[in-house]
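The structure under discussion appears below in the form of structure tokens.
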Amino acid sequence: MGMRKKWTHLLLALALLLPCMVSACQPSEEPEEPAAEESTSEVSVIEEPEAPKATVKQNCIYLVAGDSWELPYTLEDSDADPEAVVWTSSDDCVTVEKGSVTAVKEGYAYVSAGNESSCLVYVLPGKMPVLSIDTGGSQIASKTEYTSCRVSLSTENEQYNLEGVSAGVRIRGNSTSTCPKKPYRIKFEKKQNLLGMNEGAECKSWVLLADYLDDSKLRNASAFAFASVMLEEYSSDWRYVSVEVNGAYQGVYLLCEQNQINKNRIDIEEAGADTEELLSGYLLEIDASGDDSPRFEIDYGGLNILKFNGEPYTRTCNDIGVRKLFVSVKNDGLSDAQFRFIQKAINNIFTILYAATYEDTRYIFDENYDLVEVSDMSAEEVISRVIDVDSMIRMYLFCELMCNSDDYKKSFYLWIDFSDDGKLTFGCPWDFDGATVEWSSYNYHPTDSYFAARRNLWFVMAMNHRWFRNRAKICWREIYENTDGFASTLQTLTRVSRVYKKEFDKDLQKWGRRAYDDKNHIVLTRQWFRDRIKWLNNKAQFGTG
């Protein structure tokens with residue numbers, strides 16, 4: 001009995017204490033702020049200073065695997081430490097440190113230093129790739145009909161190898177198609193990229209330029225290399241390849257892209273193929289040779305055209321003295337209505353440029369793209385409404401540098417997209433086996449005189465305007481400074497001519513070239529470019545004064 005009473009008192013005590021114990025274990029709804037004197041000291045966070053950023057001045061360079069190049073750049077903060085700039089590359093084909101790019105292996109990469117500007121670096125293989133075309137024994141004899149074939153590619157970077165890919169091949173070109181060494185166009189059944197060209201873009205159509213008339217093997221490649229740093233508009237990428245057809249060696253070719261409307265090339269809506277609308281995109285070629293494309297004429301026979309130095313312009317666009325520009329429309333599926341529309345529009349753009357230049361008359365388009373005279377606009381204003389003047393200036397400077405014998409009458413491309421800004425745009429340079437030298441004579445053009453300003457009719461007219469010449473001068477200075485005097489492009493020409501010398505010599509031996517003299521045209525061509533650039537930079541001033 002005494003023990004039961006004892007447990008009874010104990011249980012009663014626990015019953016009285018339990019609510020207090022439970023309450024003590026539960027958190028209060030609003031915990032009290034700790035007393036000021038009991039607060040702990042705050043932990044300070046030290047932020048690392050942001051790395052300084054640099055703007056890369058050059059937009060594109062070509063290197064041979066194993067070579068290095070110092071990129072020209074400017075610091076966003078001129079007081080920043082250049083050693084602290086963090087350089088990055090988008091691919092391991094190159095490394096970059098303190099602005100110095102080293103080419104590791106064949107490929108391409110974007111190099112940047114913390115901001116939006118970057119330099120596209122293409123790495124060429126040290127050993128020339130081999131491109132093989134197997135037609136199963138069939139001859140490649142037609143300029144219009146494709147011969148079925150399989151294409152293989154072998155190069156240093158195995159990710160770019162191809163093995164027996166289905167395609168068609170045909171002869172291409174005009175005067176060059178009559179040479180013993182034929183140029184080719186390849187059209188794959190499915191889109192392919194070749195050797196990482198054009199940032200890995202996949203397309204069906206590709207071109208093999210034979211360069212038979214160019215014993216330096218540098219003119220077309222140098223044109224595309226210069227275009228990559230001078231133009232903002234599309235220009236073809238390029239690679240040297242050794243070509244075999246059905247197992248037989250054909251020589252060194254320049255593999256490049258087909259000039260065409262394509263989202264990876266000339267990225268405009270295509271009138272005809274994409275839409276039946278008139279206000280769409282058109283790709284045009286000044287082409288005296290002609291092909292199966294629809295073609296119209298711009299007749300300047302009755303016009304009094306003067307060069308900017310006051311001399312009359314008398315050049316004709318064919319051998320019979322006819323003063324016309326022949327314009328091919330390179331669209332697929334073009335309707336008759338679209339052809340008539342682009343014919344009227346381009347002729348009227350030509351009239352706007354001519355009238356503003358020589359007649360002190362200003363025209364603009366009305367809603368039907370007919371001409372309407374205005375009195376309250378300057379020549380620069382009316383021309384800039386219908387021509388992308390910046391692209392025209394860049395192409396003028398490029399053509400002035402290259403001294404291409406053909407570009408006043410053929411292989412000269414323009415485009416216009418009325419579904420966008422509707423301005424005539426200059427770009428996609430082409431066909432430079434006749435550059436630097438006088439056609440069919442192999443005498444080099446003078447490096448110390450105007451060329452495109454006297455020959456190409458679009459530039460002849462535009463150069464009459466002081467505002468155009470001043471803008472050309474400014475543009476040249478910017479390009480020259482941003483490329484450090486085209487140093488990397490000149491270095492590329494030197495490197496490929498040395499790295500591929502055995503292949504170049506083998507090609508010349510196969511095709512019996514250099515029979516007419518013993519000049520080293522590789523050396524002459526490289527030096528010609530150096531002299532031409534020096535004159536343009538120091539002497540020409542593009543007519544300003």
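For the pair Thr95/Val101, no side-chain contact is recorded, criterion being any heavy-atom separation below 4.5 Å from C-beta on. In this structure, the side chains of Met230 and Trp476 come closer than 4.5 Å at one or more pairs of heavy atoms. In this structure, the side chains of Leu397 and Leu401 stay at 4.5 Å or more apart for every pair of heavy atoms. Two residues are said to be in side-chain contact when any heavy atoms from C-beta on lie closer than 4.5 Å; Tyr500 and Ser242 fail this criterion. Looking at Val121 and Val96, their side chains never come closer than 4.5 Å, going by heavy atoms from C-beta outward. Side-chain contact between Phe308 and Arg454 is absent, with no heavy-atom pair separated by less than 4.5 Å. Side-chain contact between Asn404 and Phe412 is absent, with no heavy atoms from C-beta onward closer than 4.5 Å. Between Ser118 and Val56 the shortest side-chain heavy-atom distance does not fall below 4.5 Å.
Between Ser488 and Gln58, the side chains place a donor N or O and an acceptor N or O closer than 3.5 Å (distance only, hydrogens not considered). A donor-acceptor contact closer than 3.5 angstrom is absent between the side chains of Ser236 and Asn259.
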**Request:** Could you walk me through whether Asn264 and Glu257 pass the side chain to side chain contact (heavy atoms under 4.5 Å, CB included) test, one step at a time?
**Result:** CA-CA 10 Å; Asn264 293 312; Glu257 302 178 74; 6.0 Å; no
**Asked** Should Asn456 and Tyr396 be marked as a side chain to side chain contact (heavy atoms under 4.5 Å, CB included) after you check the CA-CA gap, both sets of side-chain angles, and the distance that decides it?
**Response** CA-CA 9 Å; Asn456 186 297; Tyr396 163 67; over 6 Å; no
**Request:** For the pair Trp87 and Tyr73, evaluate ring pair (Phe, Tyr, Trp, His ring centres under 6.0 Å) and give the outcome as yes or no after the intermediate values.
**Result:** CA-CA 12 Å; Trp87 290 87; Tyr73 68 90; 5.1 Å; yes
**Asked** Stepwise, does the side chain to side chain contact (heavy atoms under 4.5 Å, CB included) test hold for Leu255 with Met197?
**Response** CA-CA 10 Å; Leu255 176 64; Met197 292 168 60; 3.9 Å; yes
**Request:** In sequence, state the C-alpha distance, the side-chain angles, and the governing distance for Tyr450 and Trp535, and then conclude on ring pair (Phe, Tyr, Trp, His ring centres under 6.0 Å).
**Result:** CA-CA 10 Å; Tyr450 286 95; Trp535 183 79; 5.7 Å; yes
**Request:** Apply side chain to side chain contact (heavy atoms under 4.5 Å, CB included) to Glu380 and Phe468, showing your working.
**Result:** CA-CA 8 Å; Glu380 183 175 3; Phe468 185 91; over 6 Å; no
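Taking the six-membered ring where the residue is Trp, His465 and Trp467 present tilted rings, their angle falling between 30° and 60°.
Crowding of Lys181 atom NZ: a count of heavy atoms from other residues, nucleotides or ligands under 6.0 Å exceeding 12. Glu158 CD: 12 or fewer foreign heavy atoms inside a 6.0 Å radius. Taking a 6.0 Å sphere around NZ of Lys127, one finds it holds 12 or fewer heavy atoms contributed by other residues, nucleotides or ligands.
The existence of a salt bridge linking Asp390 and Arg471 is confirmed by a sub-4.0 Å separation between a basic side-chain nitrogen and an acidic carboxylate oxygen. Under a 4.0 Å N-O distance rule, the pair Arg455/Asp407 does not qualify as a salt bridge. Ionic pairing of Glu76 and Lys53 is not present here: no N-O contact between side-chain nitrogen and carboxylate oxygen is shorter than 4.0 angstrom. Of the charged side-chain nitrogens involved, at least one lies within less than 4.0 Å of a carboxylate oxygen, so that Glu400 and Arg532 count as a salt-bridged pair. Salt bridge status for Glu232 with Arg394: present, with a side-chain N to carboxylate O gap under 4.0 Å. A salt bridge does not link Lys410 to Asp431: none of the charged side-chain nitrogens sits closer than 4.0 Å to a carboxylate oxygen.
For Phe529 and Phe486, the ring centers sit 6.0 Å or farther from each other.
Figure legend: cation-pi geometry between Arg172 and Trp206 absent, as NZ or CZ is not positioned both under 6.0 Å from the six-membered ring centre and within 45° of its axis.
A donor-acceptor pair under 3.5 Å is absent between the side-chain atoms of His445 and the main chain of Thr436, judged by distance alone. One N or O on the side chain of Glu270 and one on the backbone of Asp332 form a donor-acceptor pair closer than 3.5 Å. Ser100 contributes no side-chain N or O that, together with a main-chain N or O of Glu97, makes up a donor-acceptor pair within less than 3.5 Å. Not a single donor-acceptor pair under 3.5 Å links the side chain of Asp287 to the backbone N or O of Ser411. Ser280 places a side-chain N or O within 3.5 Å of a backbone atom of Ala271 that can act as its donor or acceptor partner. A distance-only check finds a donor-acceptor pair linking the side chain of Arg362 to the backbone of Met377 [under 3.5 Å]. Without hydrogens or angle criteria, Thr489 side chain to Ser222 main chain gives no donor-acceptor distance under 3.5 Å. A donor-acceptor contact shorter than 3.5 Å is absent between the side chain of Asp531 and the backbone of Thr447. Without hydrogens or angle criteria, Asn157 side chain to Tyr160 main chain gives no donor-acceptor distance under 3.5 Å. The backbone N or O of Ser228 lies less than 3.5 Å from a partner atom in the side chain of Asn59, making a donor-acceptor pair.
Of the options His521, Gln527, Glu438, a side-chain hydrogen bond (donor to acceptor under 3.5 Å, both in side chains) to Tyr444 is made by His521 and by none of the others. For the salt bridge (charged side-chain N to carboxylate O under 4.0 Å, His left out) criterion with Lys217, the lone passing option out of Asp505, Asp211, Asp507 is Asp507. Exactly one of Phe224, Phe432, Phe226, Phe426 qualifies for a ring pair (Phe, Tyr, Trp, His ring centres under 6.0 Å) with Phe398. That residue is Phe432.
One distance of note links OG1 of Thr357 with CD1 of Ile305; it measures 9.5 Å at 0.5 Å rounding. Interatomic distance, Met128 CE to Thr155 OG1, rounded to the nearest 0.5 Å: 10.5 Å. Between the CG atom in Leu218 and the CZ atom in Phe504 there is a gap of 6.0 Å [rounded to 0.5 Å]. Note that CG of Leu195 and CG of Asn161 are 9.0 Å apart. Values are rounded to the nearest 0.5 Å. To the nearest 0.5 angstrom, Tyr358 atom OH is 4.0 Å from Asn464 atom CG. Put simply, CZ on Phe188 and CD1 on Ile186 are 5.5 Å apart, with the number rounded to the nearest 0.5 Å.
Contact detail for Phe365 and Ala345: the closest heavy-atom pair is CZ-O, 3.8 Å. Residues Arg385 and Lys423 come closest through the heavy atom pair O-CG, 3.8 Å. Residue Cys93 comes nearest to Val123 through the heavy atom pair O-CG2, 4.0 Å, listed as atom of the first residue, atom of the second, then distance. Across all their heavy atoms, Leu306 and Gly310 have their closest contact at CD2-O, 3.8 Å. The two residues Gly126 and Val499 have their closest heavy-atom pair at O-CG1, 3.0 Å. Among all heavy-atom pairs drawn from Asn193 and Gly200, the shortest one is ND2-C, 3.1 Å.
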